[in-house]
Amino acid sequence: MSSYLMYIINVVTTAAVYAVFVLGLNLQFGYTGIVNFGHVAFMAIGAYTTVLLSLAGWPLIAAIAAGVLLAALASLLIGLPALRLREDYLAITTIGFAEVIRIIINNEVELTRGPQGIFRFPLPFESWGLSPLGWRVAFMILCLLTLAAVYLLLQRLTNSPWGRVLKAIREDEDAAIALGKNTRVFKLWSLALGSAIAGLSGVLLAYLLAYINPREFLPLTTFTGWMIMVLGGAGSNVGVMVGSLLYFGLFSLTRPLESSGLVALGLTGQQVGALRVILIGIFLVVLMMYRPQGLFGRKEELSLDR
Amino acid sequence: MTGEALLDVRAVSRQFEGFWAVRGVSFTVPQHQIAGLIGPNGAGKTTLFNVVTRYLPPSGGEIYFAGTRLDTLPTYSAPGLGLVRTFQISRVFSRMTVLENMLFAAPGQVGEGLLGALLAPRRVARQEKELRERAMDLLRYFRLDHMAQNYAGALSGGQRKLLEMARALMLNPRMLLLDEPMAGVNPALKEQLLDYILDLRSKGITFLLIEHDIDMIMRICDRILVMAQGELIADGTPDQVRRDPRVIDAYLGASQ
Amino acid sequence: MLQYVANGIVVGAIIAVAAIGLTLVYSILRLTNFAHGDFVTLGAYTALFINLGLGWRPAAALPVAFVVGAALAILLELLVWRKMRQMRASMVALIVASIGVALALRNLLVFFYGPSPQNFQQPVQRATPFLGLPVTMTADQQFALVASVVLVLAVHALLRYTTLGKTMRALSDNTDLAWVSGIDVDRVVTWTWIIGGGLAAVGGVLYGMTRPLYPELGWHLLLPLFAAIILGGIGHPYGAIAGGFLIGIVQEVSVYFGVPVEYKIAVGFVAMIVALLLFPRGLFGEASYR
């Protein structure tokens with residue numbers, strides 16, 4: 001019973017963490033049209049900065065704030081030169097940026113402990129003396145509250161005149177400039193804010209896993225984020241949250257059945273893992289072929305079709 | 001002429017990899033005038049337009065609008081000074097409603113800043129209400145008010161042209177630059193557009209338009225500029241231009 | 001130093017072979033194909049399969065790899081890309097779909113071969129002086145270099161002297177023109193995939209002869225590949241070749257100047273960013289800014 005409960009808690013928490021991650025991506029692509037295929041980099045920067053600073057004795061809140069801020073600043077580092085690029089070049093550049101960040105984390109062993117990862121670092125609620133289950137529940141609530149806060153912030157922003165400018169940029173940046181808007185500044189803010197949110201999700205991910213290592217920040221994470229976004233329909237914040245729950249619900253709840261069944265057929269754990277990614281890949285292709293607007297998106301709001 | 005120079009283009013040139021698309025073009029447009037820019041295909045009209053509105057940097061020359069030098073400013077600053085352009089193929093924001101298209105265009109919105117959007121909801125709401133009224137007035141003027149809540153992508157070609165003009169008016173422009181407003185428009189709507197342009201001029205707006213429909217341009221323009229092969233070859237009233245042998249040559253030459 | 005340049009030329013030649021397909025597919029089909037790197041991997045593993053199964057030398061597997069790469073490319077064209085073109089899918093939808101293909105393909109290899117690095121089964125080779133120059137290469141490196149140069153020349157001949165090649169160049173220079181001018185587009189598209197998929201797979205075999213194979217081999221080569229074609233100006237096969245050599249040499253020589261080996265990919269990437277900033281149209285052409 002309690003292990004099943006633990007499982008549900010885990011799924012909800014993971015879905016919430018990824019929903020935060022993808023809400024940032026959705027601000028960038030769904031609302032502003034910025035093609036960011038390196039989103040995982042900002043998650044990694046948030047996670048590593050926070051963990052390393054709290055290990056160095058910073059209070060958690062300050063470490064988290066620094067992680068979020070650094071993720072935003074890093075996005076400006078790549079955004080300043082690259083945001084003017086056409087979308088395909090931007091896609092390549094952002095992927096490349098994320099890979100470089102990961103390579104740095106992997107190789108700067110003195111700073112990050114490299115491929116070994118970091119196993120013990122300060123977690124929230126540690127001084128409360130909770131049982132493992134109690135901690136899981138408390139952390140799940142923290143993640144849900146964070147998600148709610150990010151969601152409300154984004155709803156307010158995207159429904160404001162500020163959000164209207166972002167949407168206009170997504171639709172036709174030249175026309176937006178012709179009406180007197182300094183679109184570059186809006187794009188940089190959108191990128192920075194979305195990346196700060198990714199940084200925050202990275203912090204949550206670190207706490208959820210209770211360890212971090214560079215393998216958690218492979219490009220696959222970005223692509224999973226894209227899948228969640230297009231599942232729910234890019235440009236819809238509610239869609240992102242539903243998409244995340246659906247993704248982790250569907251994939252995680254079937255996991256025990258699937259693995260025990262497939263392992264019984266003689267497959268190794270590695271092969272089952274590979275099979276899952278193959279399915280993700282095929283699903284992405286099919287989704288793009290048949291429903292690029294997402295499962296819930298409306299035809300006239302086709303976000304991936306202009 | 002009817003007033004002082006509003007737009008002042010001085011010896012503007014634009015080069016593309018050794019080819020002069022626009023070369024040494026100078027002219028002024030005084031206030032309250034409707035000026036037409038014509039010329040055979042490839043004469044450099046749209047390039048000139050793009051240079052004047054800073055969509056392309058000039059290779060040489062200077063551009064002044066209402067006394068302010070434009071060509072050293074970023075592209076987005078011309079509309080704020082009162083110079084607004086439209087595009088040859090209307091560019092509406094398809095997945096935004098007609099009303100949203102209008103509201104977007106208004107300058108100086110408190111809610112366009114992140115802090116304003118987050119911390120001043122009442123001021124934003126008040127401003128939105130005012131803007132919505134103004135937008136609806138303009139939409140009524142262009143008979144688009146019944147479409148206000150539709151996606152702009154659902155509009156017909158003619159309606160898009162009207163929306164583009166209505167949207168530009170949200171900026172209270174002093175001058176409109178229209179790139180082929182009559183292209184691909186049915187005769188009835190053409191007459192309508194004509195009336196709008198004349199009416200807006202009577203309300204104090206200055207126009208410069210590129211047009212292929214010579215009939216139209218002769219009817220509404222006070223003044224016509226003719227370009228051929230990147231250069232300005234004639235500048236005068238419709239009657240003067242009609243009789244100018246260089247203009248006739250340019251059109252005949254281009255049609256060979 | 002010379003030795004590093006020589007290594008760079010070998011890698012660069014392989015990058016050039018693989019990059020030609022990427023740039024042709026991009027310019028003719030308007031597809032930024034993120035699965036291209038995984039065709040490289042597929043080629044390498046095809047050679048591994050033959051090497052382990054039949055005991056052939058990897059070089060003997062080149063034609064087989066070409067056929068496998070070309071066949072898979074055509075299969076995907078029929079299953080996915082043709083339909084997406086017909087429905088006028090956006091650039092981003094195409095990119096996402098190609099990432100899906102990349103993930104599926106790569107993990108198919110993980111499924112059968114596992115994630116760890118593997119080597120071809122063959123006698124250990126000693127590096128010997130090459131053409132009397134003060135540099136040494138293994139026999140496989142020498143073979144990879146020569147084969148790459150031959151392939152590049154063959155593509156050159158195809159593009160320059162055959163009707164098909166001329167049509168392809170016309171299409172890649174001006175897609176709109178050619179799509180409406182009565183060219184047998186399907187035929188050109190098919191050949192684009194044959195050349196693109198086939199050369200990528202062949203490039204993979206050659207690449208595998210110079211280093212261990214692992215499932216992310218091609219993915220990690222993809223960024224240098226993009227760097228090469230962006231440097232060369234996307235859509236220009238000759239630019240891609242030049243860009244390939246440039247990236248290969250820059251990457252290897254950076255090691256000589258004290259850049260840690262692990263940062264090789266990063267070096268190629270930084271070179272690309274610098275190139276994008278300094279030459280927004282690539283060294284040869286098309287605008288990358290909107």
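Fair warning: this is a prediction, and the values are worked out from it, not measured in the lab.
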| query | Which residue out of B/R54, B/R85, B/E128, B/Q127 racks up the most heavy-atom pairs below 4.5 Å with chain A? | reply | B/E128

| said: Strictly by salt bridge (Lys or Arg N to Asp or Glu O under 4.0 Å), give each pair with a member in residues 138-154 of chain B just once, sequence neighbours left out. | reply: B/D137-B/R140

| remark: Checking heavy-atom separations under 4.5 Å from chain A, one finds in residues 71-78 of chain B B/T75, B/Y76

| remark: One option among A/A175, A/S160, A/A168, A/G163 has the most heavy-atom pairs under 4.5 Å with chain B, and it is A/A168

| message | Tell me whether the count of non-hydrogen atoms from other residues, nucleotides or ligands lying under 6.0 Å of NZ in B/K129 goes above 12. | response | no

| said: For chain A, which candidate among B/L81, B/L103, B/N101 shows the most heavy-atom pairs at distances under 4.5 Å? | reply: B/L103

| request: Under 4.5 Å, heavy atom to heavy atom: which of residues 106-122 of chain B reach chain A? Give them by number, or say none. | output: B/A106, B/P107, B/Q109, B/G111, B/E112, B/G113, B/L114, B/A117, B/L118, B/P121

| task | Measure distances from A/I177 to the heavy atoms of chain B and classify the residue's part below 4.5 Å as side chain, backbone, both or neither. | result | both

| message | Would A/K167 and B/F93 count as a cation-pi pair here, with the cationic atom under 6.0 angstrom from the ring centre and within 45° of the axis? | response | no

| field | Closest non-hydrogen atom pair between A/P161 and B/V124, with its separation | value | CD-CG1, 3.7 Å

| Does anything in residues 167-182 of chain B get under 4.5 Å of chain A by heavy atoms, and if so which residues? | B/R167, B/A168, B/L171

| said: I need the minimum non-hydrogen distance between B/V84 and A/A178, along with the two atoms involved. | reply: CG1-O, 4.1 Å

| Does A/E171 reach the main-chain N or O of B/R95 with its side chain, forming a donor-acceptor pair under 3.5 Å? | yes

| said: Between B/F87 and chain A, with a heavy-atom cut-off of 4.5 Å, which part of the residue counts as in contact: side chain, backbone, both or neither? | reply: side chain

| Atom CZ of B/R69: over 12 foreign heavy atoms under 6.0 Å | yes

| Taking atom CG of A/L145 as the centre, does the number of heavy atoms from other residues, nucleotides or ligands within less than 6.0 Å exceed 12? | yes

